[in-house]
Amino acid sequence: MDISEYINKVKSNEIDIIEHTKKVIQECRKINKEYNYFNVISEELALEQAKELKKRIKKKDTKGNLFGVHVSVKDCVCVKDVESRAGSKILFGYRPVFDATVIQKAKEQGAIIIGKTSQDAFGYGSFNVNVGLDFKIPKNPFDKERATGGSSGGAAGITQKLDLPHIAISESTGGSIAAPASYCGVIGLCPTYGRVSRYGLMDYANSLDKIGVMSKNIEDCAVLLHVIAGHDNKDSTSLEEPVENYPEFVNKKSRLKIGIIKESLAKGIDPEVKDSVLNTIKKLHDNGIKTQEVSLPLVFKYGVQTYYLISLTETSTNLAKFCGMRYGYEEKLEGNFNEYFSKIRSNAFNREAKRRIILGTFARMAGFRDAYYSKAMKVRTLMIQEYKKLFKKFDLLVCPTMPNVAPKFYEIDKLTPMQNFMMDIMTAGPNLAGFPHLSMPCGPEDNLPVGIMFTADHLEEKKLIQIAGIIEKLK
Amino acid sequence: MKFTKDIIIGLEIHVELNTNTKLFCSCPTKGSEKPNSRVCEICLGHPGSKPVVNKKAIEYALKLALALNCKISQEIVFSRKSYFYPDMSKNYQITQYEVPLGKNGKINLKDSSIGITRVHIEEDPASLIHPKGISSSKFVLVDYNRSGNPLCEIVTEPEIDSPKEAREFMKQLITILQYLRIFVPGQNIIKADVNISIKESGYARAEIKNVSGFKEIERALEYEIERQKQLIHGNKKLKQETRAWLPEKGITQLLRTKETEEDYGYIIDPDLVPFEINNELINKLKKELPELPEQKVKKYTEKYKIAKDDAFVISSELKLTELFENIIKKIDPILASKWIRRELIRVLNYNKIELSDFKINETHFIDLLKSIQDKKITEKTAQGLLEKLIEKDFDVNAFVKKENLLIISDSNIIEKYCKEAISENQKVVDDYKKGNENSINFLVGQVMRKSKGKTDAREVKELLKRLIK
C-alpha cells in the first residue's frame with residue numbers, strides 16, 4: 001500500500017487509526033525484542049496523537065500530508081517529553097522540553113511519532129556498534145550476525161523490517177543515512193546542508209549535520225522530505241530558498257546526465273558491490289540516460305581525513321555541555337565541580353565518544369589549530385569547488401554507497417580505528433561538501449543488500465528523487 | 001612591548017548592553033528576579049537548541065565601536081571559547097576571538113587619549129550564588145537569568161598611567177555608553193578586569209578581577225600599587241597573579257598565580273553563520289549616533305562661549321547635558337551653565353542626591369532661571385528656591401508671587417534699609433572709615449536680612465559706600 005492510499009484510508013476511517021497505531025506499536029515491540037531498533041517506543045504519545053486524529057476525522061478536519069503516517073525518529077532528534085538520548089548514557093532520562101522543528105512540522109501534518117531509533121552514540125560510527133553504555137546493538141534485518149550500518153542503524157532496520165506504512169526521520173553527519181540504508185536495503189536521502197532545520201537536533205558536528213529521511217520507496221521519502229524541508233528562523237544555517245514540491249518528481253521524466261566516479265570503483269571494493277552498481281548503471285544507460293566516467297581526486301584522497309578533522313573538532317565543543325548538571329545522567333554530588341563532571345563524563349561516555357573528544361580537542365589547541373582545523377576548512381572549500389566543476393556538466397554523480405555489504409560483527413571487531421574511519425570513503429565527500437545524496441538498494445533481491453549512491457548539486461534533491469523513481473521502475 | 005613608565009595600567013571592561021532580549025534567544029533581559037525564571041532551552045544550553053543572534057545587540061555594539069573611533073570589521077563572526085565552569089550552560093562561551101567587531105579605537109580624556117585595542121560582543125554566563133559566602137559554602141547555586149545577556153568587552157591599550165586616569169577613563173566610557181542609550185547605570189552591569197604593574201618590579205603583572213564602578217577602580221588601583229611597592233621595598237619578588245578586589249575591606253586578595261596562559265581551544269561557532277556588516281548598516285548607525293561628549297564640549301565652548309571646565313562637567317553627565325540643552329532654548333547659555341555646574345551640583349551634593357536619582361521639573365527650573373535673567377529675583381532668593389525645588393516640585397512663579405519674593409526695585413525702600421543698617425551699627429561704620437574694607441560686608445548682610453534677601457547685594461554695597469562717605 002503506498003503512502004497516499006494509506007492516508008486516504010485513514011482519513012475515510014477505513015483504517016481505524018487508533019487500532020492501527022496499537023498494531024504498529026505492537027509490531028515494533030516484537031521486532032525490537034529481536035533486533036534492537038528502538039531506544040524508546042513512545043506508545044503513550046503515539047496513542048494520544050492517534051486519538052487526536054480520530055477526533056479530527058469525526059469533525060472532517062483531515063488536512064495534513066502525513067495524516068496518520070507513523071514516523072520513527074532517530075534518537076538524536078528531540079521529541080518533546082519523550083526520552084531523547086542521542087544513543088548515549090549521559091543523556092539518561094532526558095526528556096526535551098521542546099520539539100525539534102522537523103518534529104513540529106511532521107506533527108502539524110498529522111504524523112504519529114512511534115519512538116526513538118537506535119544509533120551509534122552521538123552518531124559516532126559507521127556500523128552502529130558504538131552504541132552508548134547500557135544500549136543494545138541493532139542487528140541487520142537480513143542476518144542477525146551482521147551490522148545494520150550506522151549511525152542511523154535503528155532507523156534503517158525498522159524501515160526494512162516493519163511491514164506497515166512507516167517513514168523514518170534520520171540524520172547524517174558523514175554518511176549516517178546512506179551507510180545503514182545501504183546495509184539494510186532501504187532508501188536513504190540526505191538533503192543539502194541547511195535544507196532541513198537542525199533546530200532540535202543534538203549536535204554531532206554543526207557544520208555537517210543534516211536531518212534526512214529513510215523509507216521503503218521513493219514516494220514516501222519525497223512526501224516526508226517535503227514536509228520537513230524549508231527555512232527556519234531558529235536555525236541560522238538553514239537556507240531561505242523555497243522548497244520544491246518533491247513528490248511531483250517521483251514520476252517526472254527528464255534527461256539526466258550522470259557522472260560515474262572513477263575512484264569509487266577502484267581497488268578495495270567488494271566485487272559483488274561493484275557488479276551490482278555497474279549493472280544498475282548499465283540499465284540506466286540502456287534506458288537512455290547518458291553516463292560518463294568522472295574523477296574526484298581531491299575528495300577521494302583527503303575526504304575522510306578532512307571530514308574527521310572538522311567533525312571531531314566541532315564535536316569536542318558540542319559534548320562539553322554534558323556534565324551531569326542540568327539534565328541527563330547524574331551521580332551523587334561529591335567533590336568539587338571538576339571532580340564531579342570528570343566522573344560523570346568518565347562513567348557515561350563510551351570509548352568512541354572519548355576518543356573523538358580527545359582527538360577533536362587536540363586539533364583545536366593553540367599551535368595545532370592552524371595546522372589541522374583551519375587547514376581542513378580550506379580543503380573543504382577546495383573539495384566543494386571540485387564537485388561544483390562536475391555539476392556544471394552532470395546532474396548526478398554515482399558510486400557505491402559502501403565498499404562492501406553489511407559486515408559480520410566479528411569482522412568489525414577486527415578493524416582498527418583508522419580502517420573504521422575509512423569505511424566512510426564514499427560518503428565523506430558529499431557530506432563534507434553539503435551535497436544532497438541518496439542511497440538505494442541495487443543488488444539482486446535474494447542477496448545481502450547493496451547500495452548505490454547518487455549525489456546532486458546543492459538544493460537539487462529533486463534530481464535524486466527523479467533517479468530513484470526511474471530505478472524503482474526498472475525492477 | 002617595552003615599558004618605561006612608572007605605572008602601567010590596562011583595562012578589560014565588560015558592559016551589559018541594554019537590550020530587551022538576550023543575545024541568542026528571545027528571553028527577556030529584565031523582569032522577574034526569581035532565580036531561573038527567565039530561561040529557555042537556548043540559554044540553558046539544552047542539547048538540540050541553537051543560537052540565533054539578536055541584531056539589536058549587534059547594532060548596539062557597533063555603535064559603541066563607532067563612538068570609540070574603532071575600525072569596524074567587515075563581518076561578525078562568533079567563536080566558541082571552551083572551558084568547564086558551572087556558570088557556563090554549554091561549557092563554552094559564545095564570544096568573538098579572531099575577528100572582533102571593532103579594533104584600534106581611542107577615547108579622548110580631558111588631557112590625554114587612551115587607545116582601545118578591541119571591542120567585541122559575547123554572552124554573559126549565569127550567576128553563581130554561594131549561600132554561605134565564597135570560601136565557606138559547600139555548594140553553589142546557579143541562576144541562569146543572566147545567562148546569555150549581551151555583553152560588550154572593551155580592551156584598552158596598557159596606556160593608563162595612574163589610578164586617577166583609570167577613573168577618568170571609566171567615567172568617560174560610562175558617559176559615552178549613556179549617550180548612546182545602550183546602557184543604563186544601576187540597571188546594567190559594568191565591570192572591569194584591571195591589569196596593573198609597576199616599574200620597580202620589572203612590570204610583573206597583577207590582574208584584579210571584576211571591579212565595578214569608576215570610584216572602585218581608582219581605590220583598587222591605589223591599594224594595589226601601594227601593596228606592590230611595599231613588597232618590593234621588603235625585597236620580595238612579585239609574581240604574575242590574579243587577585244580579587246574586596247570593596248568592603250578596601251584590599252585586594254590573591255585568587256591564583258598565573259603560570260601559563262590558558263588555552264581555550266577557540267573555534268568559529270558553526271551554528272552561527274558569519275553576518276556581513278555592510279556600508280548601508282554602518283551609515284545608518286553613524287546617522288543615529290548622537291553628539292558625543294567630546295563634540296558637546298567643542299560646541300559649548302565655541303558656540304555658546306561657556307568656560308571649558310563647565311562644558312566638560314556638563315557634557316560628562318547625560319542628565320546634565322539634556323537639562324542644559326533644554327533650558328538654553330529659553331535661557332542664556334552662560335547663565336544656565338553656571339547654575340547647573342555650580343548651584344545645582346552644590347545642592348545635590350549637599351543633599352547627598354546621586355545624579356542618577358535626581359529629578360527636576362524643567363519648566364519650573366526654567367522659570368527660576370528666567371527670573372534671575374530678568375532680574376526679577378535675586379541670586380540669593382534663587383538659591384533658596386532651587387534648594388526647595390530639588391526637594392519637592394512646585395510652581396516657582398506662583399510661589400514667588402505668593403511669598404512676595406520679587407526683588408525690591410524701589411530705591412527709596414533700599415535706601416531706608418541702608419540708612420537703618422548704618423545707624424544701628426555705628427562701630428562697624430567707623431571701622432570701615434578707618435580703612436577696614438571688609439567690614440562693609442557686614443552692613444550688606446544686615447540689609448539683606450532686613451529685605452529678606454530681596455535686594456541685589458552689589459547694588460546695596462555701592463549704595464552703602466555712597467551713604468557712608
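Below, read A as the first sequence line, B as the second, and so on, with proteins coming before strands; counting in each chain starts at 1.
- Using non-hydrogen atoms only and a strict 4.5 Å limit, the part of residues 314-321 of chain A facing chain B consists of Glu314(A), Thr317(A), Asn318(A), Ala320(A), Lys321(A).
- Using a 4.5 Å cut-off on side-chain heavy atoms (C-beta onward), Ser82(B) and Arg364(A) make contact.
- The environment of Glu288(B) atom CD is dense: over 12 non-hydrogen atoms of other residues, nucleotides or ligands sit within 6.0 angstrom.
- Here the NZ atom belonging to Lys90(B) is positioned 12.5 Å from the SG atom belonging to Cys323(A), to the nearest 0.5 angstrom.
- In Lys354(A), the NZ atom is crowded: over 12 heavy atoms of neighbouring residues, nucleotides or ligands sit closer than 6.0 Å.
- Interface check for chain A: of the options Tyr144(B), Tyr83(B), Phe139(B), the most heavy-atom pairs under 4.5 Å are formed by Tyr144(B).
- Residue-environment remark: OH (Tyr372(A)) stays at or below the threshold of 12 foreign heavy atoms within 6.0 Å.
- For Cys76(A), no part sits under 4.5 Å from any heavy atom of chain B, backbone or side chain.
- Here the straight-line distance linking atom OG of Ser236(A) with atom CZ of Phe24(B) works out to 9.0 Å at 0.5 Å rounding.
- Below 4.5 Å, heavy atoms of chain A meet heavy atoms from Tyr264(B), Gly265(B), Tyr266(B), Ile267(B), Ile268(B), Pro270(B), Asp271(B), Leu272(B), Val273(B), all part of residues 264-275 of chain B.
- Residue contact with chain A, scored on non-hydrogen atoms closer than 4.5 Å, involves the backbone and the side chain of Phe84(B) alike.
- For Tyr193(A), there are no ring pair (Phe, Tyr, Trp, His ring centres under 6.0 Å) partners at least two apart in sequence or on another chain.
- Taking the centre of each ring, Phe98(A) and His46(B) stay at or above the 6.0 Å mark.
- With a 4.5 angstrom heavy-atom cutoff, Arg345(A) touches chain B only via side-chain atoms.
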Could you go through the side-chain contact (heavy atoms from CB on, under 4.5 Å) check for Ile42(B) and Tyr199(A) one step at a time?
-> CA-CA 10 Å; Ile42(B) 298 168; Tyr199(A) 196 81; 3.5 Å; yes

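- Smallest separation of non-hydrogen atoms from Leu201(A) and Lys50(B): O-NZ, 2.9 Å.
- The CG atom of Asn91(B) sits 7.0 Å away from the CZ atom of Phe341(A) when rounded to the nearest 0.5 Å.
- Residue-level contacts of residues 325-340 of chain A with chain B, in order of numbering, are Met325(A), Arg326(A), Tyr327(A), Phe337(A); threshold 4.5 Å between heavy atoms.
- Here Ala366(A) is the residue among Ala205(A), Ala366(A), Cys78(A) with the most heavy-atom pairs under 4.5 Å with chain B.
- Contact of Val140(B) with chain A is not made at all, since no heavy-atom distance falls under 4.5 Å.
- Interface remark: of the candidates Tyr373(A), Phe362(A), Phe322(A), Tyr94(A), Tyr94(A) forms the most heavy-atom pairs closer than 4.5 Å to chain B.
- Residue Lys103(B) places its NZ atom among 12 or fewer non-hydrogen atoms of other residues, nucleotides or ligands, all under 6.0 Å distant.
- Counted within 6.0 Å of NZ on Lys343(A), heavy atoms from surrounding residues, nucleotides or ligands total more than 12; the atom is thus considered enclosed.
- The choice from Thr361(A), Thr237(A), Thr313(A), Asp235(A) that makes the most heavy-atom pairs within less than 4.5 Å of chain B is Thr237(A).
- Comparing Met377(A), Lys234(A), Arg369(A) by how many heavy-atom pairs each has under 4.5 Å with chain B, the most go to Arg369(A).
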